[in-house]
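Note: hydrogens, waters and symmetry copies are ignored here, and every other heavy atom, side chains too, is used. Letters A, B, ... are given to chains in the order of the sequence lines, protein chains preceding strands, and every chain is numbered from 1.
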2 protein chains.
Amino acid sequence: MDNLFDGELFARKLSQFTRLGPTDRQALTMLSGDRVRRVRARDDLIRENERPTGVKLMLSGWASRYKIIEDGRRQIMAFLVPGDICDLNVFILRDMDHSVGALTTVTFADIARETIEFVMDEFPRVAQALLWDQLVAHSIQREWTINLGRRSAFERIAHLLCELFLRLRGVGLADGQSCGMPLTQADLADATGLSAVHVNRTLQELRSQNLIVLRGRELVVPDFEALQQVAGFNRNYLHLDREGRHLDANDV
Amino acid sequence: MDNLFDGELFARKLSQFTRLGPTDRQALTMLSGDRVRRVRARDDLIRENERPTGVKLMLSGWASRYKIIEDGRRQIMAFLVPGDICDLNVFILRDMDHSVGALTTVTFADIARETIEFVMDEFPRVAQALLWDQLVAHSIQREWTINLGRRSAFERIAHLLCELFLRLRGVGLADGQSCGMPLTQADLADATGLSAVHVNRTLQELRSQNLIVLRGRELVVPDFEALQQVAGFNRNYLHLDREGRHLDANDV
DNA sequence: CGGTCCCTTGACAGCCGTCAACTACCGTGG
DNA sequence: CCACGGTAGTTGACGGCTGTCAAGGGACCG
């Protein structure tokens with residue numbers, strides 16, 4: 001992933017919720033500059049039952065939250081893209097109840113507990129935004145529940161692609177109608193509760209209806225409206241529309 | 001539901017995480033005494049797209065978070081039992097992205113924003129516990145993702161019953177091997193992503209293997225170990241084991 | 001150039017959904 | 001007292017969406 005992260009990306013994400021002042025932005029830059037590390041695809045950033053020491057912020061690449069159940073079945077519960085936080089829960093929950101694994105080469109900032117605590121204490125608007133981020137993550141998780149429970153394979157994949165496209169656009173990683181898409185069909189299968197074979201067939205169906213172009217790790221959505229339509233996608237659960245306006249108050 | 005709630009139940013739930021002092025408990029009693037209201041089964045406590053005014057705390061009865069998608073399919077994303085909070089997100093997110101509906105007659109405390117804010121400011125341990133509660137809810141949501149994505153109907157229902165049993169026990173609503181279970185087969189279907197007919201058949205299978213006794217709104221689990229086994233259930237995601245020990249510090 | 005990963009395709013099977021009818025239960029009202 | 005309607009649970013027949021198995025192809029890489 002060549003998209004090097006400069007702290008600006010994280011600010012961009014959080015300002016989807018609230019307006020950040022210059023000092024807020026400085027604080028975020030502090031966070032994302034902290035101890036940058038790198039892992040290769042297929043390595044884990046965090047393993048189940050471990051107790052993470054700090055908070056990890058994705059800078060580039062893709063990762064997934066996943067669990068493997070006894071007989072080897074894997075379920076991906078979330079995708080993590082640049083700007084996402086892996087484990088803010090470190091302050092409260094003792095052990096991880098799932099793993100986080102790199103799907104591509106990943107770089108991330110490994111932020112010390114104290115740094116996060118300092119920033120959250122000193123910059124209330126940043127603290128609010130981090131909380132918002134956490135709540136949106138939960139909301140996404142609920143939407144995945146619907147996706148898996150009540151949508152067909154065709155709808156499920158269309159829906160997931162809608163979501164990922166908007167999330168990537170939110171951090172400036174979608175360019176017009178296209179975005180990077182390093183997921184393999186096996187990854188998509190494990191996220192949508194399908195088999196890899198069926199994902200393959202479903203993608204072909206989506207392609208044949210000109211809803212997507214998916215080739216060489218790039219996704220093109222020629223008509224987002226149409227894709228949204230067949231997916232039954234409603235973006236309200238992403239809470240993207242500057243909901244923190246009421247906090248802007250004495251800004252500028 | 002005859003189980004009248006006295007504020008003690010909520011404290012009981014939160015003390016699964018951290019030890020609460022006498023003043024903490026008083027604060028919780030203040031919360032659950034606030035404006036008690038009641039709704040009948042099938043009525044909504046909160047509707048999608050509304051902006052809730054306060055925070056709702058379940059006192060008795062069962063409710064569900066759900067969404068209905070265009071063609072009428074319903075998905076239940078969570079069950080709410082006494083001690084659960086419906087909408088703590090009210091401080092951050094503007095609109096509800098889903099509805100909360102009563103499955104039985106429900107009584108709840110309708111807590112004013114200011115009251116919650118006051119309690120969270122003055123009683124940091126309570127604030128921690130509320131945050132823990134929120135994170136556990138998210139963790140449960142992830143587990144539901146796995147349930148729907150990678151488990152068979154048989155495992156799914158067994159797993160859900162394991163979870164509900166432990167959650168009810170956590171608030172003192174399970175008695176030895178049994179607990180109340182007012183869910184209809186249609187409710188179970190909408191929570192597990194199955195059809196009501198298939199839920200019926202699956203329950204019969206669970207019964208015939210002596211894993212459960214389900215009759216007259218009561219669930220008996222004669223051998224929890226065995227049920228856990230067939231479900232592939234691991235309770236770690238409920239984070240029940242006094243994880244807040246490290247916060248006990250200067251207590252007693 | 002052999003190996004690995006990923007994608008693709010076909011045949012077949014099975015889990016689970018749909019449809020429809022029937023039973024049981026319960027509270028209401030005539 | 002019994003008819004009645006509504007909700008919940010049960011059962012059977014049938015079909016389809018999706019999984020499994022297996023084989024092959026293409027791209028990339030050491």
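In terms of modelled atom types and a separation under 3.5 Å, the side chain of A:Arg156 and the main chain of A:Ala191 share no donor-acceptor contact. Between the side chain of A:Arg65 and the main chain of B:Arg142, no donor-acceptor pair closer than 3.5 Å is present. B:Ser139 places no side-chain N or O within 3.5 Å of a backbone atom of B:Leu135 that could act as its donor or acceptor partner.
Using a 4.0 Å heavy-atom criterion, one finds that A:Gly216 contacts no nucleic acid atom at all. Residue contacts for B:Arg42: at a heavy-atom cut-off of 4.0 Å it reaches the sugar-phosphate backbone alone, with no base atom in range. At a threshold of 4.0 angstrom between heavy atoms, the contacts of A:Ser195 include nucleobase atoms, whether or not backbone atoms are also involved. Nucleic acid contact for A:Arg207: sugar-phosphate only, since backbone atoms but no base atoms lie under 4.0 Å from a heavy atom of the residue. B:Arg217 comes within 4.0 angstrom of sugar-phosphate atoms only, judged by non-hydrogen atoms across all strands, and of no base.
Salt bridge A:Asp97/A:Lys67: absent, no basic N to carboxylate O contact under 4.0 Å. For the pair B:Asp95 and B:Arg51, the salt-bridge criterion is not met [side-chain N within less than 4.0 Å of a carboxylate O]. The pair A:Asp71-B:Arg150 fails the salt-bridge criterion, with no side-chain N (NZ, NE, NH1 or NH2) lying under 4.0 Å from an Asp/Glu carboxylate O. Here A:Glu143 pairs with A:Arg151 in a salt bridge; the nearest charged N to carboxylate O distance falls below 4.0 Å. Between A:Arg74 and A:Asp190, at least one side-chain nitrogen of the basic residue sits less than 4.0 Å from a carboxylate oxygen of the acidic one, meeting the salt-bridge criterion.
Using a 4.0 Å cutoff to heavy atoms of chain B, the contacted part of DNA chain C runs 5' to 3' from C:dC16 to C:dC19.
Within residues 196-205 of chain A, the residues having any heavy atom closer than 4.0 Å to DNA chain D are, in order of number, A:Val197, A:His198, A:Arg201.
Regarding B:Leu103, its CG atom lies at a distance of 11 Å from the P atom of D:dA8, rounded to whole Å. In this structure, B:Leu206 places its CG atom 13 Å from P of D:dT10, rounding to the nearest Å.
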Query - Intermediate values then yes/no, side-chain hydrogen bond (donor to acceptor under 3.5 Å, both in side chains), A:Glu155 and A:Ser152 - result: CA-CA 5 Å; A:Glu155 295 168 306; A:Ser152 68; 3.1 Å; yes

**Report entry** Candidate pair B:Ile111 and B:Arg35, rule side chain to side chain contact (heavy atoms under 4.5 Å, CB included), full reasoning
**Finding:** CA-CA 7 Å; B:Ile111 308 168; B:Arg35 286 186 297 186; 6.0 Å; no

Distance-only donor-acceptor pairs under 3.5 Å for side chains of residues 215-231 of chain B, two or more places apart:
residue	atom	partner	partner atom	Å
B:Glu218	OE2	B:Ser178	OG	3.4
B:Asp223	OD1	B:Glu225	N	3.3
B:Asp223	OD1	B:Ala226	N	3.2

For residues 166-174 of chain A, please give each side-chain donor-acceptor pair under 3.5 Å, one per line with the distance, not counting sequence neighbours.
residue	atom	partner	partner atom	Å
A:Arg167	NH1	A:Glu163	OE2	3.1
A:Arg167	NH2	A:Phe79	O	2.7
A:Arg167	NH2	A:Asp84	OD2	2.9

Taking N or O atoms only and anything under 3.5 Å, show me the protein contacts with nucleotides 25-30 of chain D, one pair per line.
none

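Remark on DNA chain C: of its neighbouring residues A:Arg150 and A:Thr184, the 5'-side contact belongs to A:Thr184, judged by nearest-heavy-atom nucleotide.
Summary for the helix from C:dC1-D:dG30 to C:dG30-D:dC1: the axes at its two ends, each from 5 pairs, differ by 30° when rounded to the nearest 10 degrees.
Considering all non-hydrogen atoms of both residues, B:Ile85 and B:Leu80 come closest at O-CD2, 4.3 Å.
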